[in-house]
Trainee: 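Handing you this structure, nothing more for now.
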Amino acid sequence: IGIYIRLFEMLGHCKQPEAATHLFQQMRRNGCEPSTEVYTALLSAYTRSNRLNLALSTFKQMKQQPDCFPNIYTYSLMIKACSDACDFDLVRTLLLEMGSAGIEPNIVTYNSLLDAYGKAGLLDKMENLLLSLINNKVFKPNVWTQNMILKNFGKWGQVTKMEEWYERLTSLGVESDITTLNTLMSVYGKERLFEKMIAVMEYMRRYHYNLDTISYNIMIDAFGKAGMVQQMHKIFNLMKFEGVRPD
RNA sequence: AAACUUUCGCGGC
């Protein structure tokens, strides 16, 4: 059983939803009873390839099986899939369904929903939900919440909002990680705020965050798009000097 | 063992 879950996970990463379907059928022919975990892994393989309809029909099928009750992982996954498709009515249905099943959403569930609002440009909804989570003290935002909030304000050009929320979340005790700082650099790069982008890089070097391939890609990309060739070369040379390999 | 975030790809709609 664990092997099947591992295989579904691998097929998900390789974007092979059809192969996952076949594996599931084969599993059943071999007399293996599906479980919550197996269905969740299968659904994950589907949603990783954005096969929402296939995931929805499989989810329905899952709920008709004995001993295959969706759990918090299953619901979070389905909520993310519906969120990514901007089907917020379906998200609401799933949240209600979870509630009646006695399953409470957690920070991961809300992170998916917050990100979906952000991606759709519904920044007010995103911010209001975040504020209510903070004010109700149900969940502490975590570093994933922070990174996603910063990215979404940045994505829509709201740099000041992004900086305000960075300060606020930091003051609430959320730590920054390499992804946080890469996100800030990416936004500053897109906005052509190169001095801020470089300031983040220097901060990272000063405080011993190891810049990774993504960090350098972000900066090279930003300078490249602006046609700033010698700055681009400087970053490239720094990357070689630091022993980070390009991809 | 299975769910959430940053660059670029690949895949899907």
Side-chain angles (χ1 to χ4, degrees), chain A residues 1-20 34-55 59 62 68 70-87 94 98 103 105-119 126 139 141-155 162 169 174 176-190 197 200 204 209 211-225 235 239 244 246-247:
Chain A
I1 284 286
I3 296 284
Y4 281 115
I5 290 171
R6 184 91 188 98
L7 287 172
F8 285 128
E9 188 193 348
M10 285 167 59
L11 291 172
H13 278 118
C14 301
K15 315 271 183 188
Q16 298 290 338
E18 285 78 18
S35 62
T36 296
E37 292 79 4
V38 164
Y39 263 112
T40 305
L42 175 63
L43 288 170
S44 171
Y46 290 160
T47 57
R48 287 194 123 82
S49 296
N50 281 323
R51 304 291 287 265
L52 179 60
N53 289 330
L54 187 53
F59 183 58
M62 172 186 186
C68 287
N71 60 20
I72 183 66
Y73 287 78
T74 325
Y75 276 112
S76 294
L77 171 79
M78 292 306 296
I79 286 170
K80 176 176 160 47
C82 296
S83 295
D84 287 343
C86 289
D87 195 335
L94 287 166
M98 281 176 74
I103 302 167
N106 62 19
I107 188 64
V108 174
T109 322
Y110 282 117
N111 283 347
S112 299
L113 185 51
L114 286 165
D115 193 33
Y117 284 144
K119 278 182 185 151
M126 180 182 80
F139 303 112
N142 63 16
V143 65
W144 293 63
T145 320
Q146 162 169 261
N147 296 347
M148 174 271 296
I149 295 292
L150 301 181
K151 174 204 69 171
N152 283 320
F153 280 120
K155 174 185 167 76
M162 177 185 81
L169 290 165
V174 182
S176 296
D177 65 5
I178 179 90
T179 300
T180 314
L181 299 165
N182 283 347
T183 302
L184 291 174
M185 285 205 298
S186 167
V187 170
Y188 288 140
K190 279 196 197 93
M197 183 179 79
V200 175
M204 290 170 85
Y209 288 91
L211 280 80
D212 60 11
T213 305
I214 293 177
S215 319
Y216 289 106
N217 281 349
I218 287 167
M219 290 185 285
I220 290 168
D221 201 58
F223 284 133
K225 281 186 175 139
I235 300 296
M239 175 171 66
V244 175
D247 61 7

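Every chain is numbered from 1, with letters handed out A, B, ... down the list of sequences.
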Trainee: Minimum heavy-atom separation for A/Lys155 to A/Lys119, with atom names?
Mentor: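 Closest heavy-atom pair between A/Lys155 and A/Lys119: CE-O, 3.7 Å.
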Trainee: May I ask you to check whether A/Phe8 and A/Tyr39 place their ring centres under 6.0 Å from each other?
Mentor: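 For A/Tyr39 and A/Phe8, the ring centres are not under 6.0 Å apart.
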Trainee: Once you apply a heavy-atom cut-off of 4.0 Å, does A/Asn106 come out as touching a base, just sugar-phosphate, or nothing?
Mentor: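 Base contact.
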Trainee: Taking the side chain from A/Asp115 and the backbone from A/Asn111, do they hold a donor-acceptor pair closer than 3.5 Å?
Mentor: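 Judged by distance alone, no pair lies under 3.5 Å.
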Trainee: Contact class for A/Ile218 (heavy atom, under 4.0 Å): base, sugar-phosphate, or nothing?
Mentor: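 Sugar-phosphate, no base atom in range.
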Trainee: First and last nucleotide of RNA chain B touching chain A, 5' to 3', heavy-atom cut-off 4.0 Å?
Mentor: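 Contact boundaries, 5' end first: B/rA1 to B/rG12.
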Trainee: Touch check for A/Thr179, heavy atoms < 4.0 angstrom, all strands: base, sugar-phosphate only, or nothing?
Mentor: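 The residue A/Thr179 makes base contact.
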Trainee: Please answer whether the main-chain N or O of A/Tyr46 pairs with a side-chain N or O of A/Ser49 as donor and acceptor at a distance below 3.5 Å.
Mentor: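 Here the side-chain-to-backbone pair does not exist.
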Trainee: Short of 4.0 Å, heavy atom to strand atom, which residues of residues 141-151 of chain A count as contacting RNA chain B?
Mentor: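 Heavy-atom cutoff 4.0 Å gives A/Trp144, A/Asn147, A/Met148, A/Lys151.
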Trainee: What are the two closest non-hydrogen atoms of A/Tyr216 and A/Leu211, and how far apart are they?
Mentor: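 Looking at all heavy atoms of both residues, the closest pair is CE1-CB, 3.6 Å.
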Trainee: Just call it for A/Glu9: base, sugar-phosphate, or nothing, with non-hydrogen atoms closer than 4.0 Å on any strand.
Mentor: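 Counting heavy atoms under 4.0 Å across all strands, the contact made by A/Glu9 is with sugar-phosphate only.
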Trainee: Using a 4.0 Å heavy-atom cut-off across all strands, classify A/Arg6 as base, sugar-phosphate, or nothing.
Mentor: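 Touches nothing.
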Trainee: If you find the nucleotide of RNA chain B closest to A/Lys80 and the one closest to A/Ser49, which residue's nucleotide is nearer the 5' end?
Mentor: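 The residue mapped nearer the 5' terminus is A/Lys80.
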Trainee: At under 4.0 Å between heavy atoms, what does A/Thr40 touch on the DNA or RNA strands: base, sugar-phosphate, or nothing?
Mentor: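 The answer is base, as A/Thr40 lies within the cut-off (heavy atoms under 4.0 Å) of a base atom.
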Trainee: Assess whether side chain to side chain contact (heavy atoms under 4.5 Å, CB included) is satisfied between A/Lys80 and A/Val108, documenting all intermediate values.
Mentor: CA-CA 10 Å; A/Lys80 176 176 160 47; A/Val108 174; over 6 Å; no
Trainee: Applying ring pair (Phe, Tyr, Trp, His ring centres under 6.0 Å), can you list everything that pairs with A/Tyr73, at least two apart in sequence or on another chain?
Mentor: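 A/Tyr73 satisfies ring pair (Phe, Tyr, Trp, His ring centres under 6.0 Å) with no residue once adjacent residues are dropped.
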Trainee: Got a second to check how far A/Thr180's OG1 is from A/Ile149's CD1, nearest 0.5 Å?
Mentor: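 The CD1 atom of A/Ile149 is 12.5 Å from OG1 of A/Thr180, to the nearest 0.5 Å.
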Trainee: Just to be sure I understand the rule, does A/Asn152 reach a base, reach only the sugar-phosphate, or reach nothing, if contact means heavy atoms closer than 4.0 Å?
Mentor: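 If one applies the 4.0 Å heavy-atom cut-off, A/Asn152 turns out to touch nothing in the nucleic acid.
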Trainee: Provide the closest heavy-atom pair for A/Met204 versus A/Asn182 in the form atom of the first, atom of the second, distance.
Mentor: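 Smallest interatomic distance, heavy atoms only, reads CE-OD1, 3.7 Å.
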Trainee: Taking the nucleotide of RNA chain B with the closest heavy atom to each, which residue, A/Asn50 or A/Ser76, is nearer the 5' end?
Mentor: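 Counting from the 5' end, the first nearest nucleotide belongs to A/Ser76.
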